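For reference, the structure discussed in these notes is given below.
Order of appearance sets the numbers: ligands from 1, and atoms from 1 within every ligand. The structure displayed is predicted, hence computed values, not measured ones.
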Amino acid sequence: MTDAALASDAAPANPFMPKGAFAEKVTEVQHYTDRLFRFRITRPQSLRFRSGEFVMIGLPNSERPVLRAYSIASPSWDEELEFFSIKVPNGPLTEHLQKIKVGDTIIMKPKATGTLVNDALIQGKRLFCFSTGTGFAPFASLIRDPETYEKFEQVYVTHTCRQRDELKYSADTVHNTLNDPLVGEVAQGHLHYFPSTTREETQHMGRITELIESGAFYEAMKISPLDPETDRIMICGSMEFMKDIRRIVDALGFKEGSNSEPATYVVERAFVG
Ligand code: A2P
């Protein structure tokens with residue numbers, strides 16, 4: 001990317017804008033609970049990314065702005081960028097980020113990267129995306145990308161949160177995907193959603209790790225158990241969740257992949273703090 005490309009997208013006058021970063025405008029903010037919210041920003045014309053990747057973002061509010069990794073939740077064909085964020089009390093970035101309003105400026109570094117991408121998995125029949133909390137964000141991008149349905153016959157996305165209201169973002173995204181003029185047709189009959197809660201009564205109760213081990217997940221989805229021969233897995237959530245679910249998929253014979261060595265599963269830690 002050339003400096004000229006960056007300069008054409010960068011705002012001129014903010015004294016706290018780091019060199020070479022994009023200055024983008026907030027276009028929409030939606031709060032779900034006192035812990036979770038979603039926001040959209042303008043997209044720099046020169047930004048290219050693969051669905052599932054993350055970028056570094058922050059606020060131009062100090063000489064050394066705090067930047068954090070955020071998965072891009074929108075698909076690569078979207079004109080804007082969407083993010084799904086936690087609100088951490090006294091979190092160095094999210095304490096301020098949760099107060100953003102339409103028109104505010106967001107700093108974004110120009111490079112997108114990450115391992116939760118179709119390229120890091122070898123060909124398979126079924127794709128399973130397991131998430132907790134804001135770990136759903138990269139999957140919000142992947143399930144809206146037609147390429148995901150070219151690569152996999154069936155896509156199963158799970159989202160586990162403490163409470164019902166925390167599931168609204170994933171429920172809305174899946175609903176909108178199935179009704180989307182661009183991707184709805186290829187997703188219908190191929191995209192399957194499994195929400196669960198751990199601290200408030202909903203249709204499916206429990207951690208996804210427990211529901212996989214007990215078989216309740218397979219029963220609810222009416223599917224055969226995970227099998228490394230046919231299935232590929234993406235995992236995104238808290239450290240503890242990732243540790244536990246890795247133990248399960250490792251024991252089943254899945255092998256961790258990367259961009260340079262694609263295999264049968266990939267992981268990424270969800271943004272916290
Ligand atoms: P729990 O309520 O039993 O802790 P958080 O909001 O803390 O990031 O958690 C999001 C969801 O992830 C919660 O439903 C939480 O369940 C679940 N969770 C936390 N730790 C694990 C884990 N080690 N394995 C599976 N799920 C987990």
For the residue pair F37 and H31, categorise the inter-ring angle as parallel (less than 30°), tilted (30 to 60°) or perpendicular (more than 60°). parallel
For a side chain to side chain contact (heavy atoms under 4.5 Å, CB included) with I233, tell me which candidate from V266, L226, T264 qualifies. L226
Between Q30 and R38, do the side chains contain a donor N or O and an acceptor N or O under 3.5 Å apart? yes
Is the closest basic N to carboxylate O distance between R246 and D250 below 4.0 Å? no
Flag for E82-Y169: side-chain donor and acceptor within less than 3.5 Å: yes
Heavy-atom contacts with ligand 1 below 4.0 Å: which residues, ordered by chain and residue number? R35, T132, T160, C161, R162, T198, R199, R207, T209, E240, F241, D244
Salt bridge (charged side-chain N to carboxylate O under 4.0 Å, His left out) between E166 and R35, worked out: CA-CA 8 Å; E166 295 176 334; R35 296 177 68 231; 2.5 Å; yes
